[in-house]
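As structure tokens, the structure follows; a few thoughts come after it.
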There are 2 protein chains.
Amino acid sequence: MALSCPTGQHDKHDVYAAQCPCRGVLDLLANKWTALAIGALEEGPLRFGELQRQLEGVSPKVLTQTLRRLEEAGFVDRTIYPAVPLHVEYNLTELGHGVAEPLGALRSWVERNLDRINA
Amino acid sequence: MALSCPTGQHDKHDVYAAQCPCRGVLDLLANKWTALAIGALEEGPLRFGELQRQLEGVSPKVLTQTLRRLEEAGFVDRTIYPAVPLHVEYNLTELGHGVAEPLGALRSWVERNLDRINA
DNA sequence: CGGGATCCCATATGATACTG
DNA sequence: CAGTATCATATGGGATCCCG
């Protein structure tokens, strides 16, 4: 597996230096809700409230933050249906489904090995 | 892919509730250095100083924290060679190599799609 | 309903200096 | 060399209240 950064800025012994753009994306995933949000959206679009209920415990502020970051990265798509009451849908983009896959693989591994961890 | 928690505590609409043990492991990975440290150790054991240099930017305190957590989870193995000067080696356990795989897949995906992100 | 605005706290992260 | 001790700061996360 390639450990070196595709930008070629670092040699193989760097793994990746902190300044590598890869880091930004990795950091994006490195927080409490991002991975879960992506997982939740994998099976279809969800509204703000639905997401909040599924993530159980996330505050509206933090959920908004998370979703905005995902939007910025291009993983999530936000659609507003002007109506009363307001209807907003969040949706994984193609790119979003892309990350969802290796992310899901990671979750699967964790689930399969839960018993071996902390033993 | 299985989204539901293996403990069966939650239904499929939960993705996973915050209390699911899966969360703990996910949270373990959800920080700045853990994934990188695992990546660095994938090709062989490293000493504290070597790791610190490869991770470029991590302070000794934080690196210690990271490694201790990985040890506790059973992903990393710490071997002390009593000598002067002191020699300590960090090593991925079999379990550690296990996570390294899906983790590497995630990194690979990120590398392959760097240009599409933030576009 | 879907957030934005605030306030506050816990923790992660960092820089630096020091020690067995 | 491999950390530990300390101090300082940034950020994330959470609770609440409010508004279009």
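Each chain gets a letter, A, B and so on, in the order the sequences are listed, and its residues count up from 1.
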Walk me through it: do L55(A) and T66(A) pass the test side chain to side chain contact (heavy atoms under 4.5 Å, CB included)? CA-CA 12 Å; L55(A) 267 39; T66(A) 303; over 6 Å; no
NE2 (H97(A)) and CG (L92(A)) are apart, to the nearest 0.5 Å, by 4.5 Å
Give the rounded distance in Å between these two atoms: CZ of R68(B) and P of dA12(C). 16 Å
Relative to the 5' end of DNA chain C, which residue comes earlier, V88(A) or T66(B), by the nucleotide with the nearest heavy atom? V88(A)
By nearest-nucleotide position on DNA chain C, the 5'-leaning member of K61(A) and L67(A) is L67(A)
Check the phosphate of dC1(C) against Y90(A), side-chain N and O only, distance under 4.0 Å to OP1 or OP2. Yes or no? no
From CA spacing to verdict: side chain to side chain contact (heavy atoms under 4.5 Å, CB included), T79(A), Y90(A): CA-CA 6 Å; T79(A) 311; Y90(A) 293 92; over 6 Å; no
So does V58(A) get a backbone contact from the side chain of Q52(A), meaning a donor-acceptor N/O pair under 3.5 Å? yes
Rounded off to whole Å, could you give me the CG-to-C1' distance for the L70(A) and dG3(C) pair? 16 Å
When you measure from every atom of DNA chain D, which of residues 73-87 of chain B have a heavy atom less than 4.0 Å away? R78(B), P85(B), L86(B)
Parallel, tilted or perpendicular: which fits the ring planes of H87(A) and Y81(A), with parallel below 30° and perpendicular above 60°? perpendicular
Can you check the K32(A) NZ to dA12(C) C1' distance for me, whole Å? 14 Å
Among V76(B), D77(B), T93(B), the one residue meeting side-chain contact (heavy atoms from CB on, under 4.5 Å) with L41(B): V76(B)
L55(A) atom CG is separated from dG3(C) atom P, nearest whole Å, by 14 Å
Distance check, rounded to the nearest 0.5 Å: R69(A) atom CZ versus L29(A) atom CG? 11.0 Å
W33(B) side chain: which of dG4(C), dG14(C), dG2(C) is closest? dG14(C)
Donor-acceptor contact below 3.5 Å, side chain Q54(A) vs main chain L51(A): no
Using atom CD of E89(A) as one end and atom P of dC1(C) as the other, report the distance to the nearest whole Å. 15 Å
Across the strands shown, which category fits Q52(B) at heavy-atom distances under 4.0 angstrom: base, sugar-phosphate, nothing? nothing
Starting at CD of E56(B) and ending at C1' of dT13(C), how long is that distance when rounded to a whole Å? 16 Å
Please tell me if R47(A) has a side-chain N or O lying less than 4.0 Å from either OP1 or OP2 of dG2(C). yes
Measure CD/E71(A) against P/dG2(C) and give the value in whole Å, please. 14 Å
dC1(C) P sits how many Å from L63(A) CG, rounded? 14 Å
Contact boundaries on DNA chain D for chain B, cut-off under 4.0 Å to non-hydrogen atoms: dC1(D) to dC7(D)
Test your reading of the model: is there a side-chain donor-acceptor pair from E50(B) to the backbone of R47(B), 3.5 Å cut-off? yes
